[in-house]
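Please read the structure below before turning to the comments.
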Amino acid sequence: MISGAVVEALQKYVPRENILLQEPMAGHTTFRIGGPADCFVQLESEEQLKKVQRYLNLVGVPFFVLGNGSNLLVHDLGYRGVILQIGQKMNGIVVQGSRLIAKAGATMSQAAHKALEHGLTGLEFASGIPGTVGGGVVMNAGAYGGEMSQVVTLVTVVNSEGETMELDNDTMEFGYRNSTIKHSSFTVTEVAFQLKSADREEIKSKMEDLAARRREKQPLEYPSAGSTFKRPEGYFAGQLIMDAGFRGFQIGGARVSDKHCGFVINVGDATARDVREIISEIRKRVKERFHVDLEPEVVFLGWEDI
């Protein structure tokens, strides 16, 4: 539990109405799963982030920085610490010529549609990704042949000492669903993209085509964390899972999608334990049958990674 003294201290940096106690995390993840966080703080600025991080580090209170919760599975018992949300209160986007600069809390879709408004191409792939720009750059999010590494030029972060730093594309060391930030204590606050001018109708048509392909192939009607596993080299995770006999496999309210076996979905009141057990069963059987280690793309919060 978070002490009253910590809550009182946080109020020096963040408005009291932005500090929520015992906040159910099911309302802050696309899985719609997760128990209560001891303390949930909605940040409004980089300055607030710096002050809060410095304080929590000083007093030794654990914290986790949250975007849209689009690849997160929170334990049924919740999180013993402070959740720092960079979301709707930090989602500004500006366009300067062919350069688009987005605050970390803006969604990937918002950034893509802002680019469309200004006749800029390069972010069409992001139009259907549910995460935030901050989360997207950390994991080098991508879809349909496009990914963040192709268009990101500069990433502004706050380090563990509360200092602002700027990382260029090379420094980010982008890889498949990976970046240098993923293995550091940096928190993203802003991302700059270099795009190209193009015909608005062509950009819109491409986005509509990608949206139609998503609706056809992905179980968008159910809560999920998107692709449950990373793509193993030389294989497709969904195909391996289907070939291992998991299409429609269900534990409690969690199910392997019949439409796309790469997705574990919440078909109704699924628990984090339900999802974790399915993930464990899939990894075990795929390893036994095909000698392939499937690595979860989902981040597990509130327990040790499996």
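For this chain, numbers begin at 1 and follow the sequence in order.
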Which ring pair (Phe, Tyr, Trp, His ring centres under 6.0 Å) pairs, counting each pair once, include a residue from [range], with sequence neighbours left out?
{"range": "residues 17-47", "result": "H28-F40"}
{"range": "residues 98-123", "result": "none"}
{"range": "residues 73-109", "result": "H75-W303"}

Within this structure, what is the [atom1]-[atom2] distance for the pair [X] and [Y], rounded to the nearest 0.5 Å?
{"X": "I265", "Y": "K259", "atom1": "CD1", "atom2": "NZ", "answer": "9.5 Å"}
{"X": "Q42", "Y": "L20", "atom1": "CD", "atom2": "CG", "answer": "5.0 Å"}
{"X": "F63", "Y": "I2", "atom1": "CZ", "atom2": "CD1", "answer": "12.0 Å"}
{"X": "L116", "Y": "L195", "atom1": "CG", "atom2": "CG", "answer": "11.5 Å"}
{"X": "L167", "Y": "T180", "atom1": "CG", "atom2": "OG1", "answer": "7.5 Å"}
{"X": "I241", "Y": "F290", "atom1": "CD1", "atom2": "CZ", "answer": "10.5 Å"}

Donor-acceptor contacts, no H, no angles, side chain residues 65-72, under 3.5 Å, sequence neighbours left out:
from: N68; atom 1: ND2; to: P130; atom 2: O; distance (Å): 2.6

If I compare all heavy atoms of [X] with all of [Y], which pair ends up nearest, and what's the gap?
{"X": "C39", "Y": "I19", "answer": "SG-CG2, 3.7 Å"}
{"X": "G162", "Y": "R54", "answer": "O-NH1, 3.4 Å"}
{"X": "A143", "Y": "I129", "answer": "CB-CD1, 4.4 Å"}
{"X": "L21", "Y": "R16", "answer": "CD1-NH2, 4.1 Å"}
{"X": "P232", "Y": "L294", "answer": "CG-CD2, 3.9 Å"}
{"X": "L120", "Y": "S98", "answer": "CD2-CA, 3.8 Å"}

When you group the ILVMFWY residues by side-chain heavy-atom contacts below 4.5 Å and let the links chain together, are [Y] and [X] in the same group?
{"X": "M165", "Y": "M172", "result": "yes"}
{"X": "V275", "Y": "F249", "result": "yes"}
{"X": "M90", "Y": "L49", "result": "yes"}
{"X": "L100", "Y": "M207", "result": "no"}
{"X": "V155", "Y": "L43", "result": "no"}

Pairs touching [range] that satisfy salt bridge (Lys or Arg N to Asp or Glu O under 4.0 Å), sequence neighbours left out:
{"range": "residues 59-84", "value": "D38-R80"}
{"range": "residues 132-153", "value": "none"}
{"range": "residues 186-204", "value": "K103-E190"}

F193 ring centre to R99 NZ or CZ under 6.0 Å, with the angle to the axis within 45°?
no
[Y] and [X], any side-chain heavy atoms less than 4.5 Å apart:
{"X": "I33", "Y": "T271", "result": "no"}
{"X": "T156", "Y": "T164", "result": "yes"}
{"X": "I278", "Y": "I282", "result": "yes"}
{"X": "Y55", "Y": "L10", "result": "yes"}
{"X": "I203", "Y": "E124", "result": "yes"}

Under 3.5 Å, is there a donor-acceptor pair between the side chain of [X] and the main chain of [Y]?
{"X": "N140", "Y": "G175", "value": "yes"}
{"X": "T121", "Y": "A198", "value": "no"}
{"X": "N91", "Y": "G105", "value": "no"}

Is there any side chain to side chain donor-acceptor pair (under 3.5 Å) pair reaching into [range], and which pairs are they, with sequence neighbours excluded?
{"range": "residues 205-233", "answer": "K230-E295"}
{"range": "residues 165-179", "answer": "D168-T171, N178-H183"}
{"range": "residues 239-255", "answer": "Q239-D243, Q250-R255, R255-D258"}

Taking transitive links into account, so neighbours of neighbours count too, which hydrophobic residues share a cluster with I101 at under 4.5 Å side-chain distance?
V94
Check whether the side chains of Q53 and S160 place a donor and an acceptor atom closer than 3.5 Å, and report yes or no.
no
As a quick check of understanding, evaluate side-chain contact (heavy atoms from CB on, under 4.5 Å) for I86 and T132, giving each step before the final call.
CA-CA 9 Å; I86 297 178; T132 59; over 6 Å; no
Salt bridge (Lys or Arg N to Asp or Glu O under 4.0 Å) partners of E46, counting only residues at least two apart:
K50
Atom CD of E8: over 12 foreign heavy atoms under 6.0 Å
no
Heavy atoms from other residues, nucleotides or ligands near CD of Q88 exceed 12 (cutoff 6.0 Å):
no
Quick one: do V157 and I181 satisfy side-chain contact (heavy atoms from CB on, under 4.5 Å)? Show the steps, please.
CA-CA 9 Å; V157 301; I181 298 179; 3.8 Å; yes
Worked verdict on V137 versus F174 for side-chain contact (heavy atoms from CB on, under 4.5 Å):
CA-CA 9 Å; V137 78; F174 285 117; 3.8 Å; yes
Do V14 and V52 pass the side-chain contact (heavy atoms from CB on, under 4.5 Å) test, and can you show the C-alpha distance, the side-chain angles, and the key distance before you say yes or no?
CA-CA 8 Å; V14 180; V52 171; 3.7 Å; yes
Between K287 and D293, is there a side-chain N and carboxylate O pair less than 4.0 Å apart?
yes
Going through the checks in order, is the salt bridge (charged side-chain N to carboxylate O under 4.0 Å, His left out) test met by K284 and E281?
CA-CA 5 Å; K284 179 182 176 182; E281 286 296 316; 5.3 Å; no
